[in-house]
Amino acid sequence: MSQRQWNQYSVVKEYPMMKDYLDRFRTTSFFNEVPGLMSFFYLQGQALVDEIRIPVWASALDPRIHVFWIQATRSGKSIAWEFTGEVAKLAGIDIDMFTSGTDSALIGSIDSIKDDDGGYITVEKPGLLAGNKCLNFDEGSILLQPNPKQFFSEVILYLQQSMNPVGSHSNTLTKHMKNGKVECESRVSFWITSFPPAGVKEYVLTKGLFQRVLLLYRPWSDDMRQMVSEQRMSGVFKNKLENVTTLEDIAQHFIHIKEKVRTRLTMKAGITHEEWGNMTPHQKEEVARSQMYEMFTIAPSFEPQLMQAVDNYYTLVRGMDKHLSDVVCSFIPNVLSYTVLFATHIALMRVMRDGLGVEDEWLVTGDDVEMAAEILYDVYEQLVLWLESEVEVGAKSAEKAAMIQGWQKAFGVCSTVEVEGKGDGWVLKSQLLEQYGSQQGRSKPAVYQRFKQVQVQFKTTRVGKAVYIKFKEESK
């Protein structure tokens with residue numbers, strides 16, 4: 001099951017702003033267009049963190065996107081942040097970077113400062129996780145140690161709390177210190193990158209951090225490294241930026257969308273921009289939540305398409321080993337939340353593309369959900385394949401034989417037919433894959449991946465649209 005190329009996603013085809021953004025991103029980080037696509041939504045989410053709330057029963061989602069990108073070293077992750085961070089700064093979005101620090105540095109402190117009378121006053125100093133900003137963890141591997149030091153264990157807990165919906169009690173970080181209690185509400189968006197260290201899969205399967213982020217795992221082969229090197233060298237002494245959008249023009253999208261969304265929110269709430277600007281974060285939260293049912297209209301196609309996305313995500317894990325499926329299924333609620341968020345962000349892109357006014361109806365449609373699910377299905381499928389895969393490079397002959405035996409066992413329970421002119425003993429390929437997945441406790445993506453490893457052992461033929469296969473004589 002080959003995944004789509006970046007320019008095959010409907011959102012790239014439909015929205016010139018997304019295409020322009022990725023064309024410029026591609027001149028900085030090579031063959032990382034899917035992370036680049038994530039970074040667009042990441043920036044738009046942070047730009048709108050104060051204004052947008054999406055009601056979900058008794059709670060509400062905020063528009064932030066938190067990304068944890070796992071990929072090999074020297075494959076363009078750090079330089080991708082250089083692009084994202086520069087656009088953020090040009091759009092007036094604060095950025096910062098985490099390397100290490102104390103609890104006080106993360107959530108804030110209460111410092112004693114000498115006053116003019118010789119006494120002391122206490123001043124609260126905000127920490128890195130406070131306020132509105134894009135926060136980069138360029139060495140996320142420090143969070144992936146099997147037995148992390150106490151400090152990093154606490155960092156992970158702080159990150160998990162910070163990712164909880166803005167305005168919820170669970171989003172407020174609290175620390176009791178000698179000068180008093182520090183409370184920190186976080187409106188930070190996390191961009192975390194890491195190479196895949198040893199044991200990372202086990203960590204992903206057991207730690208709750210990964211059920212909160214958009215976990216993007218991307219394999220990186222030696223062939224891809226060579227392609228990157230060739231691409232990079234092809235731009236030496238050449239102006240490769242003359243035909244792409246400037247960073248300044250890209251930043252204008254995020255500036256303008258924030259202005260339009262804020263204008264709509266204040267209009268519906270009956271307040272001025274000046275009144276909004278003078279509000280505390282708590283007061284802004286009350287306004288955003290009071291209008292969250294008024295900002296968007298849901299099209300009739302929205303919910304059916306969302307239910308289809310639910311079914312598609314769960315279909316990926318059907319037939320998987322029960323122990324593993326329990327863990328992998330725990331990612332789905334978050335994937336669905338991101339589906340809703342992406343769909344909302346795409347709806348806002350349409351508002352900007354079509355020049356809709358602040359008084360017009362802002363629809364979120366089934367097409368928006370479908371475009372979002374296209375992207376997230378591929379991300380989740382890659383994650384499932386990675387978590388389910390076993391190291392089979394250089395497998396011993398006995399292990400290879402065992403794999404063949406597994407396919408032979410599945411083949412033995414399939415119905416065989418005769419194909420005219422090609423003899424008997426053929427089975428439907430779809431039936432064989434289904435039987436193998438059921439017997440081995442494997443998901444559909446993993447079954448397809450395993451079939452690729454043994455497909456040279458089979459003959460293939462077609463009758464109409466149906467595909468039939470059987471073992472070659474030497475493979476029996």
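Not measured: the values here are computed from a predicted model.
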Taking the inter-plane angle between the rings of F190 and F137 on a 0 to 90° scale, is it parallel (under 30°), tilted (30 to 60°) or perpendicular (over 60°)?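 Perpendicular.
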Within 6.0 Å of CD in Q231, more than 12 heavy atoms from elsewhere: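 For Q231, atom CD is crowded (more than 12 foreign heavy atoms under 6.0 Å).
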Measure the [atom1]-[atom2] distance between [X] and [Y] for me, rounded to the nearest 0.5 Å.
{"X": "I65", "Y": "L341", "atom1": "CD1", "atom2": "CG", "answer": "4.5 Å"}
{"X": "D96", "Y": "L128", "atom1": "CG", "atom2": "CG", "answer": "4.5 Å"}
{"X": "Y380", "Y": "L215", "atom1": "OH", "atom2": "CG", "answer": "11.0 Å"}
{"X": "M349", "Y": "I257", "atom1": "CE", "atom2": "CD1", "answer": "8.0 Å"}
{"X": "K175", "Y": "L106", "atom1": "NZ", "atom2": "CG", "answer": "10.0 Å"}
{"X": "R318", "Y": "S438", "atom1": "CZ", "atom2": "OG", "answer": "13.5 Å"}

Determine whether [X] and [Y] make a side-chain contact, defined as any pair of heavy atoms from C-beta on separated by less than 4.5 Å.
{"X": "F331", "Y": "V317", "value": "no"}
{"X": "Y9", "Y": "L37", "value": "yes"}
{"X": "L376", "Y": "Y313", "value": "yes"}
{"X": "Q382", "Y": "P219", "value": "yes"}
{"X": "Y377", "Y": "L316", "value": "yes"}
{"X": "W220", "Y": "T73", "value": "no"}
{"X": "W407", "Y": "R450", "value": "yes"}
{"X": "V228", "Y": "F31", "value": "yes"}

If you measure from the Lys or Arg side-chain nitrogens to the Asp or Glu carboxylate oxygens, is any gap between [X] and [Y] under 4.0 Å?
{"X": "R24", "Y": "D20", "value": "no"}
{"X": "R232", "Y": "E230", "value": "no"}
{"X": "E14", "Y": "R353", "value": "yes"}
{"X": "E285", "Y": "R53", "value": "yes"}

For the residue pair [X] and [Y], what are the closest heavy atoms and their distance?
{"X": "T339", "Y": "A372", "value": "O-CB, 3.6 Å"}
{"X": "I107", "Y": "V182", "value": "O-CG1, 3.4 Å"}
{"X": "F254", "Y": "A91", "value": "CB-CB, 4.0 Å"}
{"X": "L43", "Y": "C134", "value": "CD2-SG, 4.2 Å"}
{"X": "S443", "Y": "V384", "value": "OG-CG1, 3.6 Å"}
{"X": "L216", "Y": "P35", "value": "CD2-CG, 3.6 Å"}

For the side-chain hydrogen bond (donor to acceptor under 3.5 Å, both in side chains) test, which of Y21, W69, W191, W81 pairs with S39?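 Only one of Y21, W69, W191, W81 forms a side-chain hydrogen bond (donor to acceptor under 3.5 Å, both in side chains) with S39, namely Y21.
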Consider only side-chain N and O atoms of [X] and [Y], and report whether a donor and an acceptor are under 3.5 Å apart.
{"X": "Q71", "Y": "N32", "answer": "yes"}
{"X": "Y42", "Y": "R64", "answer": "no"}
{"X": "S29", "Y": "R26", "answer": "no"}
{"X": "Q226", "Y": "D222", "answer": "no"}
{"X": "S10", "Y": "E374", "answer": "yes"}

Within the side chain of [X], is there an N or O that forms a donor-acceptor pair under 3.5 Å with the backbone of [Y]?
{"X": "T193", "Y": "D138", "result": "yes"}
{"X": "T27", "Y": "D23", "result": "no"}
{"X": "E185", "Y": "T172", "result": "no"}
{"X": "K19", "Y": "V11", "result": "no"}
{"X": "K472", "Y": "V456", "result": "yes"}
{"X": "Y338", "Y": "H66", "result": "yes"}
{"X": "S194", "Y": "P196", "result": "no"}
{"X": "S162", "Y": "Y158", "result": "yes"}
{"X": "K240", "Y": "G235", "result": "no"}
{"X": "Q46", "Y": "R187", "result": "yes"}

Ring center gap for H253 and F40 short of 6.0 angstrom: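 Distance test on ring centres: under 6.0 Å, yes.
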Check: F411 ring centroid to Y436 ring centroid under 6.0 Å: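 Ring centroids of F411 and Y436 are no less than 6.0 Å from each other.
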Step by step, would you call T246 with I250 a side chain to side chain contact (heavy atoms under 4.5 Å, CB included)? CA-CA 6 Å; T246 66; I250 288 171; over 6 Å; no
Test side chain to side chain contact (heavy atoms under 4.5 Å, CB included) on M163 and L209 and set out the steps. CA-CA 9 Å; M163 293 179 203; L209 171 68; 3.6 Å; yes
What side-chain hydrogen bond (donor to acceptor under 3.5 Å, both in side chains) pairs are there with at least one residue in residues 324-333, not counting sequence neighbours?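 Checked against side-chain hydrogen bond (donor to acceptor under 3.5 Å, both in side chains) - neighbours excluded - the pairs reaching residues 324-333 are Q211-S330, K322-D326.
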CA sep, side-chain torsions, deciding dist, call: V56, S59, side chain to side chain contact (heavy atoms under 4.5 Å, CB included): CA-CA 5 Å; V56 182; S59 61; 4.2 Å; yes
Report the residues that fulfil side-chain contact (heavy atoms from CB on, under 4.5 Å) with A347, sequence neighbours left out, ordered by chain and then residue number.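 Residues passing side-chain contact (heavy atoms from CB on, under 4.5 Å) with A347: R350, V364, D368.
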Residues in side-chain contact (heavy atoms from CB on, under 4.5 Å) contact with D94, at least two apart in sequence or another chain: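 Expected list: K133.
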Please determine whether side chain to side chain contact (heavy atoms under 4.5 Å, CB included) holds for the pair D367 and F302, giving the CA-CA distance in whole Å, both sets of side-chain angles, and the decisive distance to 0.1 Å. CA-CA 8 Å; D367 286 344; F302 175 83; over 6 Å; no
